[in-house]
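First comes the structure, then the notes that go with it.
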Protein chains: 2
Amino acid sequence: MALKSQQPLDPAYLEKLQDYYAEHKVIPSYSVLATLWGISAKSWVSECVRRFEEAGYLGWTPDRQLKPGPRFFERRLAHDTVQAGLPNPALSEGYDLVTIDDYLIRIPSKTSLVRVKGDSMIDAGIHEGDLIVVEQQPNANVGDIVVAIVDNEFTVKYLDREKSTFVLKPANKAYPVIRPKGRLEIFGVMAGLVRKTR
Amino acid sequence: MALKSQQPLDPAYLEKLQDYYAEHKVIPSYSVLATLWGISAKSWVSECVRRFEEAGYLGWTPDRQLKPGPRFFERRLAHDTVQAGLPNPALSEGYDLVTIDDYLIRIPSKTSLVRVKGDSMIDAGIHEGDLIVVEQQPNANVGDIVVAIVDNEFTVKYLDREKSTFVLKPANKAYPVIRPKGRLEIFGVMAGLVRKTR
DNA sequence: TGGTTGACAGAACGAATGTTCGGTACCGTA
DNA sequence: TACGGTACCGAACATTCGTTCTGTCAACCA
């Protein structure tokens with residue numbers, strides 16, 4: 001007994017759990033897991049959970065409640081080269097695993113999101129409706145894409161310098177360069193971009 | 001009894017729960033909640049939970065397990081209109097956003113990420129190095145941006161039709177339309193995009 | 001001064017939870 | 001043909017869960 005599990009557990013189980021979690025934001029009880037997995041013995045659920053825990057997909061709170069493990073939220077990054085013959089490239093070797101939040105957000109408390117209005121940055125690949133990930137900070141370097149506050153509105157622009165004053169340059173020839181009178185108020189620097197197309 | 005609760009519940013309770021959830025990704029049991037809140041009666045926890053549920057911060061799975069409610073993750077999205085003088089950037093109109101993962105990913109088990117190579121889709125605002133969020137599915141509609149497998153490589157292109165055959169159209173005049181010989185193999189449909197600029 | 005209300009405590013209880021253990025049926029190997 | 005391993009079932013069980021109901025106490029009117 002108490003053997004090592006060398007078999008990789010049925011990935012379908014994990015996926016079903018992840019989908020359940022995505023919907024409810026909670027790990028269900030063993031009996032619910034049983035029906036979710038099409039299993040009828042809680043003892044077997046228990047064993048599966050043990051293996052997922054061993055693999056880092058599940059864990060326990062200090063109060064011995066089942067919770068997602070460190071690898072639970074990992075997203076697979078499909079490689080851009082597909083292995084010949086392999087049916088599922090996402091499962092093949094050499095996958096990196098990322099959660100998008102971790103990928104984009106370095107300092108959660110200083111990071112916020114701003115929705116893009118208009119197409120003044122279209123040449124920088126920034127479209128209307130996109131979400132800009134902003135790291136809040138009062139100053140930036142020339143060349144950075146910054147979120148500035150102009151006339152009480154957020155504006156996303158390139159930061160540039162003309163002589164001794166800072167200006168905001170759009171990435172769209174149809175828009176003018178903004179030369180703020182007085183001090184330029186910078187909300188933060190763009191650290192990333194998120195677009196939802198579906 | 002059974003009076004309406006007009007009092008807004010102690011916000012500290014909610015914050016403690018949110019912190020706990022942020023750490024463990026799970027809603028604890030009533031007895032743990034009790035110690036978390038510094039309460040010693042489960043009956044009172046039960047009452048508090050009732051009110052949080054009424055307010056939309058907590059909810060229940062179909063199996064009557066306590067779970068985060070719709071408002072649990074409410075995070076202010078910085079609004080594009082700034083109140084004059086006020087630091088408070090958000091208006092009620094603003095979207096409530098959970099996490100970026102939740103925003104982009106509907107079905108975790110069918111979603112993967114593909115890194116963009118080249119600039120063939122630059123006119124669609126898709127740059128080299130961006131991550132495409134792909135929902136895996138074997139077919140798509142004309143006009144969708146799809147991730148197809150051509151010559152054992154992932155390709156991101158618009159799906160279009162010429163007469164009776166499907167073709168892949170780049171969003172860059174410098175690139176040719178791809179007319180696959182044989183069946184066009186579609187890996188999935190683009191559901192979003194993630195770019196890291198820092 | 002007395003009465004009501006809201007915030008909590010405490011016990012009691014049935015239902016649900018997760019563990020343990022023993023059992024079965026199907027492998028592949030030797 | 002026997003054998004060990006693996007995938008699963010099923011029952012028994014102590015523990016824990018969340019509910020319900022009753023009780024205390026300070027605050028706040030009136």
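By convention in this document, chain letters (A, B, ...) are assigned in the order of the sequence lines, proteins followed by strands, and residues within each chain are numbered from 1. Side-chain atoms are counted along with the backbone in the values below, which use heavy atoms only and exclude waters and symmetry mates.
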Pairing pattern in dot-bracket form [Watson-Crick, G-U; both distances under 3.5 Å; | = partner strand] for DNA chain D: ||.||||||||||||||||||||||||||.
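Atom pair Ile39(B):CD1 and dG18(D):P shows a separation of 14 Å (rounding to whole Å applied). Counting to the nearest Å, the C1' atom of dA7(C) and the CH2 atom of Trp37(B) are 14 Å from each other. As rounded to whole Å, 15 Å separates atom P of dC8(D) from atom CG of Leu33(A).
Taking 4.0 Å as the cut-off between side-chain N and carboxylate O, Glu47(B) and Arg50(B) count as a salt-bridged pair. Taking the charged nitrogens against the carboxylate oxygens, Glu54(A) and Arg51(A) have no contact shorter than 4.0 Å, which rules out a salt bridge.
Each of dC9(D), dC8(D), dA7(C) was ranked by its minimum atom distance to the side chain of Tyr13(A); first place goes to dC8(D).
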Summary of protein contacts for nucleotides 15-24 of chain C, nucleotide by nucleotide, where a base hit scores B, a sugar-phosphate-only hit scores S (4.0 Å, heavy atoms): --BBBBB---
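Partner of Val147(B) under the side chain to side chain contact (heavy atoms under 4.5 Å, CB included) criterion, chosen from Val134(B), Val189(B), Thr155(B): Val134(B). Of the residues Asp130(A), Val133(A), Leu104(A), Ile132(A), the one that meets the side chain to side chain contact (heavy atoms under 4.5 Å, CB included) test with Leu113(A) is Val133(A).
The aromatic ring centroids of Phe72(A) and Tyr21(A) lie less than 6.0 Å from each other.
Judged by distance alone, the side chain of Ser46(A) and the main-chain N or O of Lys42(A) form no donor-acceptor pair under 3.5 Å. The closest donor-acceptor contact from the side chain of Asp63(B) to the backbone of Gln65(B) lies at 3.5 Å or more, if one exists at all. Asp160(A) places no side-chain N or O within 3.5 Å of a backbone atom of Phe166(A) that could act as its donor or acceptor partner.
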